[in-house]
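From a predicted model like this one, the values you see are computed outputs, not experimental measurements. The sequence lines fix the lettering, A, B, ..., with proteins before strands; numbering per chain opens at 1.
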2 protein chains.
Amino acid sequence: MVAEMDHEHAERLRDRKKLATRRALRHAALELVAARGFSNVTVEDIAAAADVSPRTFFNYFPSKEAALLADDPELLVELRSAMRSRPADEAVLDVVRSVMKSKLAESAHLLDEGSDPLETLRRMKAVLADPHLRAVFVAHMGTIERCIAEGIAERLGTDLAEDPYPSLVAVSSTSALRLAFALWARSGGRARFASLVDAAFAALRSGLADDGGLAAILRQVAGTAPGAGSGAGRVGESGAGRAGEEVSAQEGSAE
Amino acid sequence: MVAEMDHEHAERLRDRKKLATRRALRHAALELVAARGFSNVTVEDIAAAADVSPRTFFNYFPSKEAALLADDPELLVELRSAMRSRPADEAVLDVVRSVMKSKLAESAHLLDEGSDPLETLRRMKAVLADPHLRAVFVAHMGTIERCIAEGIAERLGTDLAEDPYPSLVAVSSTSALRLAFALWARSGGRARFASLVDAAFAALRSGLADDGGLAAILRQVAGTAPGAGSGAGRVGESGAGRAGEEVSAQEGSAE
DNA sequence: CGCAAGACTGCATCAACTGCATTGTTATAC
DNA sequence: GTATAACAATGCAGTTGATGCAGTCTTGCG
């Protein structure tokens with residue numbers, strides 16, 4: 001029962017060990033960084049806590065930040081192909097919105113790789129708390145933005161260098177995405193990520209007249225009341241009241 | 001006429017020398033990076049090209065990137081105070097827009113510090129060409145975004161943690177700003193930066209219905225025609241036609 | 001001139017990485 | 001069950017970015 005594992009198990013022994021050390025490293029990194037701050041933790045510390053040699057750390061992650069952020073290069077090509085597979089007559093904003101909801105749901109692909117969902121939130125909070133990690137995260141979103149801009153230009157048949165519209169949409173969309181992330185973390189992971197994305201896009205489409213239902217979602221989730229009313233007197237001439245038409249229900253329904 | 005310089009000149013001798021080496025370092029960094037790429041240039045190379053010791057480089061810049069990017073920490077406090085000095089009843093979007101135009105004009109404070117305007121463009125292009133520098137630049141804009149979000153919350157009297165609206169506006173505004181930068185560089189520095197900012201904000205306020213005149217400005221400046229017409233058939237249901245109302249004239253007038 | 005402030009430099013040090021050669025462990029063929 | 005190939009873990013040396021410290025040279029000023 002110990003030695004005669006069949007091939008299925010045997011083949012996975014290595015992979016499981018690999019995954020285990022990977023998780024151990026990520027976990028150790030999170031613990032140490034949450035406790036001491038990113039700059040006060042060395043790779044040596046992380047490796048020691050995960051019980052591997054410092055050199056091994058770099059066999060798993062290309063940089064110290066990567067142990068916390070998981071910048072998956074494959075994600076970008078996935079995004080591109082997901083954009084290509086949407087119907088040709090769909091509005092670009094809807095394409096981007098749906099792709100974001102499906103591919104980047106719950107920050108699974110941006111911060112985590114199928115590990116404990118409880119840790120995802122802690123990781124996100126640690127990232128948002130540290131200036132350097134925040135910067136790296138923003139930069140990471142920048143690469144996603146570029147990828148989306150190319151995808152839009154491809155759909156519209158225009159050239160990124162000539163037509164500013166794809167860049168404009170990409171820039172705005174990733175802003176909405178980043179905002180949704182931050183708010184998701186702020187809600188303690190209780191708000192539905194897809195709802196936040198929808199609300200952020202609605203807010204954008206309303207011309208920033210109000211928050212597109214973001215405040216409502218947060219209020220509903222956290223039971224807190226914002227200091228001032230939202231949606232009036234904030235934008236000078238733009239008419240308000242067009243936002244929120246696409247915000248889906250955000251509680252009760254299963255994922 | 002050589003030894004008896006008065007105090008004015010004398011006091012500036014040091015400063016001039018300092019400024020000279022600073023410029024020399026920045027110049028050397030730009031030249032080398034433009035020629036070889038950021039990762040193929042060492043601080044030692046830059047110092048050697050500027051004829052100072054490697055240690056001296058770090059007396060002028062905190063990092064290798066800083067020699068190309070000039071991330072001025074003072075800029076943030078300037079932004080905050082500029083936002084405070086705007087009339088209290090001004091719409092937040094207008095506040096941010098005007099502050100961006102005045103404080104970040106022509107990327108003077110973001111990439112340069114009063115040196116040759118010709119080099120500013122080269123620097124910008126070098127930054128946008130290199131993935132790592134691009135990432136650092138995006139991250140830098142992230143700090144500006146945060147600063148602006150705080151300023152908006154302060155103006156509205158709300159709390160960043162409760163009300164998502166300030167974050168939403170900040171995120172969108174810095175996106176517009178970043179877009180204006182990229183387009184400015186793309187135009188070869190010929191487009192008026194303020195016009196691009198106005199156009200980007202107009203596009204945002206139109207709910208991304210069209211590009212708010214960005215394409216028109218670029219076409220006017222560069223003489224290129226985009227592959228597809230702009231403003232129709234791109235966004236599904238949002239009505240177009242509200243954009244561009246605030247785009248100022250962009251050529252002929254002196255800066 | 002002579003002194004003080006401050007800029008430049010060298011040196012030692014640390015931490016993030018990388019390449020290479022070696023050792024250990026797992027998978028598979030015999 | 002052992003030999004062997006594949007691959008993961010390790011140790012080691014070296015490069016590079018970055019910081020602190022101490023000594024030297026330049027500049028500012030009386």
Contacts of B/Ala50 meeting side chain to side chain contact (heavy atoms under 4.5 Å, CB included) (sequence neighbours excluded), chain-then-number -> B/Ala24, B/Leu25, B/Ala28, B/Val52

In whole angstroms, the gap separating P of C/dA16 from NE2 of A/His132 amounts to 11 Å

note: A/Arg22, atom CZ; D/dA9, atom P; distance rounded to Å ~ 11 Å

B/Glu44 atom CD is separated from C/dC11 atom P, nearest whole Å, by 13 Å

Taken to the nearest whole Å, CZ/A/Phe57 to C1'/D/dA8 is 17 Å

Side chain to side chain contact (heavy atoms under 4.5 Å, CB included) filter on A/Thr143, not counting sequence neighbours, yields A/Leu76, A/His140

So salt bridge (Lys or Arg N to Asp or Glu O under 4.0 Å) across residues 137-154 of chain A, not counting sequence neighbours, yields A/Arg80-A/Glu150, A/Arg80-A/Glu154, A/Arg84-A/Glu154, A/Glu145-B/Arg178

Those residues at least two apart in sequence (or on a different chain) that pass side chain to side chain contact (heavy atoms under 4.5 Å, CB included) with B/Asp45 are B/Leu32, B/Arg36, B/Val41, B/Thr42

With sequence neighbours left out, the residues meeting ring-ring contact (aromatic ring centres under 6.0 Å, His included) with B/Phe201 are none

Whole-Å distance, A/Phe61 CZ to D/dA9 P, equals 12 Å

A/Ile46 CD1 to C/dA15 P, in whole Å, measures 13 Å

Result for side chain to side chain contact (heavy atoms under 4.5 Å, CB included) between B/Pro166 and one of B/Val92, B/Asp159, B/Leu160 points to B/Leu160

Side-chain donor-acceptor pairs of residues 125-139 of chain B under 3.5 Å, sequence neighbours excluded:
{"unit_1": "B/Asp130", "atom_1": "OD1", "unit_2": "B/His132", "atom_2": "N", "d": "2.8"}
{"unit_1": "B/Asp130", "atom_1": "OD1", "unit_2": "B/Leu133", "atom_2": "N", "d": "2.9"}
{"unit_1": "B/Arg134", "atom_1": "NH1", "unit_2": "B/Leu128", "atom_2": "O", "d": "3.0"}

Here the distance between atom P of D/dT15 and atom CG of B/Asp45, to the nearest Å, is 14 Å

With sequence neighbours left out, the residues meeting side chain to side chain contact (heavy atoms under 4.5 Å, CB included) with A/Phe58 are A/Val43, A/Arg55

Rounded to whole Å, CD of A/Glu65 lies from C1' of C/dA15 at a distance of 12 Å

So, with a heavy-atom separation below 4.0 Å from DNA chain C, the residues of residues 32-40 of chain B are none

Under a 4.0 Å heavy-atom criterion, the protein footprint on nucleotides 1-9 of chain C, written with B, S and -, is ----BSSSB

